[in-house]
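Computation of the quantities below employed the complete heavy-atom set of this structure, encompassing side-chain atoms and omitting hydrogens, waters and symmetry-equivalent molecules.
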Amino acid sequence: MYQPQQLIEEYQNFAPGEAKLSAIRQAIQEADLAKDYSYMMYFRYDYACSCEDNYLLYLYVIFPEILELFETHPEILMPPDIGITAEEAVGEVFSRVIDCADFFYQISVPDMEQYLKKYHSFCLAYGYSLSVYHMASARLYRAAGDKEKAMHSLHEFRLMNRSKHLRNAETVAFEGEMACWYGDLENLLKAGKLLETNYYDEYTLIFQYGRLVYHYAVRLHDTEHAEPYFKKMERIRKKHRWHSFYFADTIVYLVRTDLRAAWSFFKEEAPYQSLTYTPLDKMEFCTGAEIMMRALLKEGKKNARFRLPSKLSYYRPDGCYSIETLAEYYGKEAQDISRKFDLRNGNDNSIKEYQMFLNAVKDYVL
């Protein structure tokens, strides 16, 4: 017998991950068979909310179902006591879909443009801010190599914020992000100062410091100017016990300044970072891991013992790994993903970015 509350209780017993998502999918199927539109929407919404960390790509599988259900039945009501309307649920998930799309080469530029078009219409129809729309547009066209469109989106973002007197950590950080990508050091530093003084938020700041480490250590090979930002970034990360958001950048900085610290950082982070299914994050990890392995080869190391998750295809039960084999594996993975992003974006920016990371440590690796 179909009992939606019982289905909720059952899947809530699972820890986040594959098993829970599978259980929610089963609940979706049962609601579909019962033609229970309230729970057809709610279970899909709960599935989308459970697509975190390594399962973010699943968000792009469930969202078309959510959008189609809402467009077909705009009068749909969520179950009682949920505390969110169907419109609000769609808006919340839609903004995540738009915000994270540049993490995946699987989502083509034309598909993303269609999503942006629909999201723009949705925001206008239901009175939502266009902030995420403008940010996502700027990121898409930056990746696609269309600077004119990217800067136009940034301009529209700024105009909207001025008209609404909106100035906060998120808006300042985004301007810093765009300044970083286009090598605008003046505005990158300005954003950092504003975040430290007027809009202090440690989660936002750690990304800002990471961008400055990237700008100095990776782009300019300048570890002296990178040092204070690296220390601030790591202080916040360790305070909150967060995993690194700038894995490859940190490896570059440490390989150039303290190889022992680089190796300790790699061993600490690799068990978590190596499991990501998100292509942009995997490219980041593999680039940093290749650099780490090649730095060890430069030191004359041939084998190393460290811990990796057993689900990895290259896992060794004894924990002993050939450094050269891993260097080749990680390098191939990083280049393959870079080329897939370039195929999606219609340029060679990602493979150039990969080569820039390797070039930043060319005197420290084999």
Side-chain angles (χ1 to χ4, degrees), residues 53-54 56-57 100-107 139 142-145 180-181 207 210-211 213-215 217-221 243-256 259 262-263 265-299 301 304 306-309 311-316 321-366:
D53 298 328
N54 292 335
L56 191 57
L57 184 59
C100 300
D102 61 324
F103 299 170
F104 300 94
Y105 59 74
Q106 295 94 328
I107 303 170
R139 287 175 178 137
R142 194 282 309 168
C180 176
W181 281 117
F207 286 94
R211 293 180 194 113
V213 172
Y214 163 80
H215 180 86
V218 179
R219 284 193 169 184
L220 302 182
H221 309 174
H243 288 289
S244 177
F245 301 108
Y246 285 86
F247 180 83
D249 312 78
T250 297
I251 291 290
V252 166
Y253 174 82
L254 290 176
V255 161
R256 291 179 60 96
L259 185 60
W263 181 231
F265 171 79
F266 176 86
K267 290 189 292 182
E268 172 194 337
E269 284 291 302
Y272 171 80
Q273 303 278 356
S274 61
L275 285 176
T276 183
Y277 296 155
T278 304
L280 193 66
D281 293 338
K282 187 174 182 181
M283 181 172 67
E284 166 99 355
F285 169 70
C286 289
T287 300
E290 180 191 4
I291 289 170
M292 185 72 253
M293 296 302 113
R294 296 200 180 281
L296 293 176
L297 288 174
K298 179 84 170 180
E299 291 290 298
K301 307 288 187 184
F306 57 98
R307 183 170 55 90
L308 285 174
K311 63 173 64 177
L312 294 174
S313 61
Y314 54 94
Y315 168 76
R316 293 184 62 87
Y321 294 90
S322 162
I323 295 173
E324 185 174 3
T325 299
L326 284 185
E328 293 300 320
Y329 172 81
Y330 289 133
K332 182 178 183 302
E333 286 289 295
Q335 291 175 66
D336 284 350
I337 298 170
S338 296
R339 292 191 176 101
K340 286 174 181 176
F341 272 109
D342 284 344
L343 185 63
R344 192 280 297 262
N345 294 328
N347 54 47
D348 60 356
N349 290 344
S350 291
I351 197 67
K352 283 182 177 177
E353 186 82 0
Y354 160 79
Q355 291 164 348
M356 183 174 67
F357 271 83
L358 270 291
N359 188 53
V361 291
K362 62 182 179 181
D363 296 329
Y364 302 84
V365 301
L366 188 63

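- Taking all atoms of both residues into account, the shortest heavy-atom contact from Ile251 to Ala262 is CD1-O, 4.1 Å.
- Counting only heavy atoms from C-beta outward, the side chains of Arg219 and Tyr214 approach each other to under 4.5 Å.
- You'll find the side chain of Leu56 reaches within 4.5 Å of the side chain of Phe103, heavy atoms only.
- Among residue pairs with one or both ends in residues 338-358, those qualifying as ring-ring contact (aromatic ring centres under 6.0 Å, His included) are Tyr105-Phe341; sequence neighbours excluded.
- Legend: residues meeting side chain to side chain contact (heavy atoms under 4.5 Å, CB included) with Tyr330, ordered by chain and number and at least two apart, are Phe285, Cys286, Ala289, Glu290, Met293, Leu308, Tyr314, Leu326.
- Contact check for Asp102 versus Ile107: no side-chain heavy atoms found under the 4.5 Å cut-off.
- Residue pairs satisfying the salt bridge (charged side-chain N to carboxylate O under 4.0 Å, His left out) criterion with at least one member in residues 348-366, sequence neighbours excluded, are listed as follows: Asp348-Lys352.
- Between Tyr277 and Leu57 there is no side-chain heavy-atom pair separated by less than 4.5 Å.
- Counting only heavy atoms from C-beta outward, the side chains of Asn347 and Asp342 approach each other to under 4.5 Å.
- Checked by atom type and distance alone, the side chain of Ser322 pairs as donor or acceptor with a backbone atom of Thr325 at under 3.5 Å.
- Taking all atoms of both residues into account, the shortest heavy-atom contact from Val255 to Leu259 is CG2-CD1, 4.4 Å.
- Using a cut-off of 4.0 Å between Lys/Arg side-chain N and Asp/Glu carboxylate O, Arg294 and Glu324 are scored as not salt-bridged.
- No donor-acceptor pair closer than 3.5 Å links the side chain of Glu333 to the backbone N or O of Tyr329.
- Val218 is listed as a side-chain neighbour of Met356, based on a closest heavy-atom distance under 4.5 Å.
- Closest heavy-atom contact between Pro271 and Arg307: CG-O, 3.4 Å.
- Shown here for Ile291 and Val361, the closest heavy-atom pair between the two residues is CG2-CG2, 3.7 Å.
- Formation of a donor-acceptor pair under 3.5 Å by the Arg344 side chain with backbone atoms of Phe104 is found in this model.
- Within the 6.0 Å centre-distance limit, the rings of Phe306 and Phe266 are counted as a close aromatic pair.
- Tyr246 is listed as a side-chain neighbour of Arg211, based on a closest heavy-atom distance under 4.5 Å.
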